[in-house]
Amino acid sequence: MKPDLSWVLNDVLTVRGARHAILVSADGLLMERSSEIGRDEAETNAAAMSSMQSLSRAVAGFVSVGAGIWKQTLMEYDGGWIFLIAAGSGAYLAVSAALDVDMELMSIRMQQQVTALGKALSAQPRQSAGAEA
């Protein structure tokens, strides 16, 4: 059964100017989408966002030789912005927003949500019942 991760997207979309949000696997599969974006469009964008994070990681050394670690990609278009960040092991959160979005608030909110997501998806180690079989 697939866990419901819509809460991650819903909270990010409360930032004024946020439009759509998708949670993407490293191999480009759509994990979750906000209700404002159709499934086909979300799947197409999931594949593209996976490629974008891969390209961003590949050029991280351009920032600082040997120490460039990718954290976030920000893309500007005529009609708005796309924010892309790592959301745990093998997952990425992408959000599209209007030109007038509060960029700092969006980045902070996304970081908060991926931190919460990481905790939600982490399983606690099993405790032994004490008796060995």
Side-chain angles (χ1 to χ4, degrees):
M1 181 176 174
K2 179 180 145 188
D4 178 15
L5 302 174
S6 60
W7 58 272
V8 174
L9 307 181
N10 292 338
D11 191 62
V12 170
L13 292 179
T14 63
V15 174
R16 184 183 56 78
R19 292 182 177 149
H20 308 296
I22 56 175
L23 193 59
V24 181
S25 70
D27 55 358
L29 297 177
L30 178 66
M31 298 171 69
E32 190 68 62
R33 65 184 169 95
S34 59
S35 60
E36 298 80 18
I37 187 170
R39 183 161 211 46
D40 288 345
E41 184 180 356
E43 287 177 348
T44 298
N45 282 292
M49 290 302 122
S50 177
S51 296
M52 290 305 302
Q53 68 78 25
S54 181
L55 287 170
S56 295
R57 287 179 189 280
V59 298
F62 186 63
V63 173
S64 176
V65 177
I69 298 173
W70 176 78
K71 298 196 182 235
Q72 175 175 301
T73 298
L74 179 62
M75 296 164 271
E76 181 181 13
Y77 297 87
D78 286 341
W81 300 93
I82 295 176
F83 296 77
L84 176 65
I85 65 171
S89 179
Y92 305 93
L93 176 60
V95 176
S96 67
L99 285 171
D100 64 348
V101 69
D102 183 332
M103 295 173 73
E104 182 178 16
L105 179 58
M106 179 58 77
S107 291
I108 290 169
R109 185 67 53 84
M110 290 176 73
Q111 287 294 333
Q112 290 170 338
Q113 288 310 100
V114 297
T115 298
L117 178 65
K119 291 177 183 174
L121 294 179
S122 297
Q124 293 296 322
R126 293 185 199 194
Q127 298 296 321
S128 173
E132 298 294 323

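Both backbone and side-chain heavy atoms feed into the values below; hydrogens, waters and symmetry mates do not. For this chain, numbers begin at 1 and follow the sequence in order.
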Kindly determine whether Val15 and Val101 satisfy side chain to side chain contact (heavy atoms under 4.5 Å, CB included), including the steps that lead there. CA-CA 8 Å; Val15 174; Val101 69; 4.0 Å; yes
Intermediate values then yes/no, side chain to side chain contact (heavy atoms under 4.5 Å, CB included), Glu43 and Asn45: CA-CA 5 Å; Glu43 287 177 348; Asn45 282 292; over 6 Å; no
Note: Leu84 and Met49 closest approach over all heavy atoms is CD2-O, 3.6 Å
Are Leu105 and Leu99 connected in a single hydrophobic cluster, I mean Ile/Leu/Val/Met/Phe/Trp/Tyr linked by side-chain heavy atoms less than 4.5 Å apart? yes
dist Leu23:CG -> Met31:CE (nearest 0.5 Å) comes out at 4.5 Å
Nearest-0.5 Å distance, OG of residue Ser35 to CG of residue Asn10: 7.0 Å
Distance check, rounded to the nearest 0.5 Å: Leu93 atom CG versus Glu32 atom CD? 11.0 Å
Distance-minimising heavy-atom pair for Ile22 and Ala46: CD1-N, 3.6 Å
Consider only side-chain heavy atoms of I, L, V, M, F, W and Y, link residues closer than 4.5 Å, and tell whether Tyr92 and Leu29 are in one cluster. no
Nearest heavy-atom contact between Val114 and Ala86 is CG1-O, 3.7 Å
Could you tell me whether the side chain of Thr14 and the main chain of Asp11 form a donor-acceptor pair under 3.5 Å? yes
With side chains defined as the heavy atoms from C-beta onward, is the minimum distance between Leu74 and Met103 less than 4.5 Å? yes
State whether the side chain of Ser56 and the backbone N or O of Met52 hold a donor-acceptor pair below 3.5 Å, judged by distance alone. yes
State the OH-CD1 distance between Tyr77 and Ile82, to the nearest 0.5 angstrom. 4.5 Å
Hey, could you give me the CD1/CE distance between Ile85 and Met106, rounded to the nearest 0.5 Å? 10.0 Å
Scanning both residues in full, the closest heavy-atom pair of Gln53 with Ala26 reads NE2-O, 4.1 Å
Tell me, with the steps shown, if Phe83 and Ser107 meet side chain to side chain contact (heavy atoms under 4.5 Å, CB included). CA-CA 8 Å; Phe83 296 77; Ser107 291; 3.9 Å; yes
Over all heavy atoms of both residues, which pair between Asp100 and Arg16 is shortest? Give the atoms and the distance, please. OD2-NH1, 3.2 Å
Would you say the side-chain atoms of Arg19 and Ser34 include a donor-acceptor pair closer than 3.5 Å? no
Rounded to the nearest 0.5 Å, the NE2 atom of His20 sits from the CD atom of Glu41 at a distance of 5.5 Å
